[in-house]
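No hydrogens, no waters, no symmetry mates; every other heavy atom, side chains included, goes into these values. Quick note on labels: first sequence line is chain A, next is B, and so on, each numbered from 1.
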Amino acid sequence: MIRVVRQRDWYAPVRPAPREVRSSLAAESKCPPIVLAGRPAGFFAEHWLDRAAERGYSCHAVTPRPGRFTGTREQAHDIVQVAASLPRQAVLIGHGPGARWVAAALTRYPARAAALIEPPGSLPAEPVTGRVPVLVAGTSGRALTRASEHYGVSPTLLGDARRLREPGWLYPLEGILDWLDSLNL
Amino acid sequence: MIGAGSSGLAAVKNLREHGFAVDCYERETGIGGGWNFRHDRSPVYASTHLISSKPLTEFPDFPMPDDWPDYPHHSALLSYFERYTDHFGLREHVWFGTEVTSVEPIENDRWKVTVRPAHGGSERTLSYAAVVVANGHNWHPRVPSFPGIEEFRGKVMHASSYQDSASLRGKRVLVIGAGNTGCDIAVEAAQQAAACWHSTRRGYWYAPKYVFGKPADQVNDRVLALGLPLRLRQWLFHRTLRLTVGDLTRFGMRKPDHKVYESHPIVNSQLVYYVGHGAIKPVGDVARFGSRTVEFDDGTVAEPDLVILATGYAPRFEFLAPDLLGANPPQLWLHMFAASYPTLAIAGLIQPDSGQFPLVHWQTQAIARWLTLRTADPERAAAIWAGAAGRSAWRWTKAKVSASERHWFEVSHLTYLRGLEKLLKEMGTPA
C-alpha cells in the first residue's frame, strides 16, 4: 500500500556514511547508467563493470556501508544516494543480498528499470515508485516465484546456481543487457 | 503545465511518469522559478538558506546528497532542481521564455490556452485536456499602505528587491514584518547597518534552527510521531522555547498573542541573539510616517534612512478568470482542485510547516492519478469527485490558524499528507 507519511524518514534520517563506488564509464552516454549492488564492489569490478561499459552502459558498483547496526534501510539509502547522484535515471541491478537492497531502494527511487538476481524471500510492503520495468531472475524456488508475483512479471530461470558465484560467468549480465537493449530506454 | 519552478518540475515529472504528454510553459529562460536568483521575480536574497532541514524538504524520490548540510543555501537548492530536471529528462518538455496569457474552459472539460513569447511576439492558442497551474505564490509583493508614507523622504523598498547586505552598510534601517524574510534582513542589518529597528504587528514565536543538537523540525516531527494531542505539543514547544530561547519580553519583544502552530513558523536562531546585543531594537506596529521619522504604536520614534517592507507576497493568477477558482481567497479542495473544473489543478499553493517539495511531490502524484482515473474509471472518479464537493473549504491544519490573507493556505504537513495519502489510496494504483 502506498505510504506518504514516512515519519521515521523525517525525524530519524539515515546518517551519512562512506561507501565504496567503483565505476566504469561507457564511451557514449546513449544508454542509462547502471548501479550494481550485491557483492563487494570489487567482485563486479573484475568482469561485469567493463563488459557493461563495452556494451554502452556506464556502470557503478556500490558497496553499502558495513557495520553491525546497518539494516536494509541504510543499505537501500546508499544505493539511492548513488543512483540519484548520476546524471540520468539509473537502472538498478541487485544480486543476492543486493537484490534485497534494490527491492527496498525501488520504494524510494523511480529507477529506469531494475533487475533482481536471486531475489530475497521477503519483499517490501510499499509499492515500487514510478513505472519501472522489472526483471526477476534466479534458480527456481519459492523466493523466485514470490518475487515474480510481487512485481507481476514472469521469472527468468538461470540454470546453475553455483556458477552465479563465479565472477567470470558473464551470462546473466549479457542477458540483462539484452533485456535493457530491448526496452529501448 | 504553467511554470517550471519547484512545483512545475515535480508536476512534469510525475505526469510524464503516468504516461501523459506534457507542455510546460515558463516565462523565464531557466528552471527553478523563485529559487533561481537570476530571475527578476525571485524573492531570494544572497543569504537565503532553507529553514526546514533536508529530510523534510527533499523530494521523497530524489534525496539531496548526503554531504550537504542540514540547511542548504538557495544556490544549492537551484542546483538540486537542475539535477532533478536533467536526471528525469524534463528540460525537453519545457517551453522557456513563453508566457501564458489566458486559460479558458471550453467544451468537454478541455482548456483553451493562449501563450506568447515573454519578450514580445505573436500569441498562439492551443487546446489541452488538462491544465496544472504552478506559477508560485512568492513573487507578487504585498505592499500595505501606512499613514503618511508618501511624505517620508527616506528610501522605501519591498523585501523582494532586497539583494544583499551591502545595501544596508552604514545605513539606519527599519525592517517592517516578522516573517522569515523580515527576520533574516533584520539580522543582516544588525551585522551591517548603523542602526536597526524591527517593527512587528504582534508578538511571535521565534523557533531556533537547532534544539537539543538536532534540526528543530526533526525534533518537532519526533514529537508529532508520538501522537500527542495538539495542546500537549503546544505546551511542550512553549516549554522548550522558554528553556532554550528564554522569555522574549525580557528582551523587550512582545509576548506572542497566539499559541505556537497558529501562525506560519518563523525559524531564526539569530534574531533574539542580536536583540540581546542591542543591535536590533524591537518596536511595535507602525503608527505613522513623518518626513524623516517613523512613529510606532508603542510610542517609540525611529529615524531611519532606509525602510524595508518585509510584508510578504500575495498569490496571483492573472491568466485565469477570477471566478474559475471560486471566491477570494480561492476555494480549492486540498488546495489543488477547483470545484467545477475537474481538469484544472493548482500545484504548490500551500504554506506548510515543513519543507514545501515533499508535499508538492505527492500533490502532483495525486493530480496525475486523478487525471488517469478520470479516463480509466470514470465511475470511480465521479464518486470521488462527488465526495470532494463541499470539502473545498477544509483547512489542513489542526491548530486554529487565522484565516488572514497570509494564512488561508497554511497547512500542517502531517495533516495535509494524511489527506493526500487517503486520496491516493482511494484512487488506487494505476494499472
Asker: Would you mind telling me which of B:D221, B:N14, B:D217, B:D67 has the largest number of heavy-atom pairs within less than 4.5 Å of chain A?
Answerer: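 So the answer, after comparing B:D221, B:N14, B:D217, B:D67, is B:D221.
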Asker: Just checking, any donor-acceptor pair under 3.5 angstrom between side chains of A:S24 and A:D50?
Answerer: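 Per modelled atom types, A:S24 and A:D50 side chains form a pair under 3.5 Å.
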Asker: Under 4.5 Å, counting heavy-atom pairs only, tell me which of B:D86, B:L414, B:L420 racks up the most with chain A.
Answerer: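 Looking at each of B:D86, B:L414, B:L420 in turn, B:L414 comes out on top.
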Asker: Among B:K54, B:H87, B:Q218, single out the residue with the greatest number of heavy-atom pairs under 4.5 Å to chain A.
Answerer: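 Answer, by heavy-atom pair count under 4.5 Å with chain A: B:H87.
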Asker: Please look at B:H413 and chain A and tell me whether the side chain, the backbone, both or neither of the residue comes under 4.5 angstrom of a heavy atom of that chain.
Answerer: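 B:H413 touches chain A through side-chain heavy atoms alone.
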Asker: Against chain B, work out which of A:R8, A:R19, A:R112, A:R15 has the most heavy-atom pairs shorter than 4.5 Å and name it.
Answerer: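 Result: the option with the highest number of such pairs is A:R19.
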Asker: Within 45 degrees of the axis of the six-membered ring of B:Y261 and under 6.0 Å from its centre: does B:R233 put its NZ or CZ there?
Answerer: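 Judged by the rule (NZ or CZ under 6.0 Å from the ring centre, within 45° of its axis), B:R233 counts as positioned above B:Y261.
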Asker: Decide yes or no for B:F59 and B:F81: does some side-chain heavy atom of the first lie under 4.5 Å from some side-chain heavy atom of the second?
Answerer: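 In short, these two side chains touch, coming nearer than 4.5 Å.
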Asker: Measure A:Q7 against the heavy atoms of chain B and call it side chain, backbone, both or neither at under 4.5 Å.
Answerer: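 Answer is side chain: those atoms of A:Q7 sit under 4.5 Å from chain B.
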Asker: Between A:R55 and A:D181, does the salt bridge (Lys or Arg N to Asp or Glu O under 4.0 Å) criterion hold? Intermediate values first, please.
Answerer: CA-CA 10 Å; A:R55 289 194 49 176; A:D181 285 342; 2.8 Å; yes
Asker: Picking from B:R222, B:R83, B:K214, which has the most non-hydrogen pairs under 4.5 angstrom with chain A?
Answerer: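 Of the options given, most contacts go to B:R222.
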Asker: Sort out for me which of A:T129, A:L86, A:D9 touches chain B most, counting heavy-atom pairs under 4.5 Å.
Answerer: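 Result: the option with the highest number of such pairs is A:L86.
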Asker: Hey, which of B:F62, B:W35, B:F357 is the one that makes ring-ring contact (aromatic ring centres under 6.0 Å, His included) with B:Y80?
Answerer: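 Looking at B:F62, B:W35, B:F357, the match for B:Y80 under the ring-ring contact (aromatic ring centres under 6.0 Å, His included) is B:F62.
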Asker: For A:R6, is it the side chain, the backbone, both or neither that has a heavy atom under 4.5 Å from a heavy atom of chain B?
Answerer: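 When you check distances to chain B, only side chain atoms of A:R6 fall under 4.5 Å.
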Asker: State whether the number of non-hydrogen atoms from other residues, nucleotides or ligands found under 6.0 Å of B:R91 atom CZ is greater than 12.
Answerer: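 Result for CZ/B:R91: enclosed.
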Asker: With a cut-off of under 6.0 Å to the ring centre and 45° to the axis, is B:K13 in cation-pi contact with B:Y84?
Answerer: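 No, B:K13 does not lie over the aromatic ring of B:Y84.
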Asker: Is it the backbone or the side chain of A:P127 that comes under 4.5 Å from a heavy atom of chain B, or both, or neither?
Answerer: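 Neither part.
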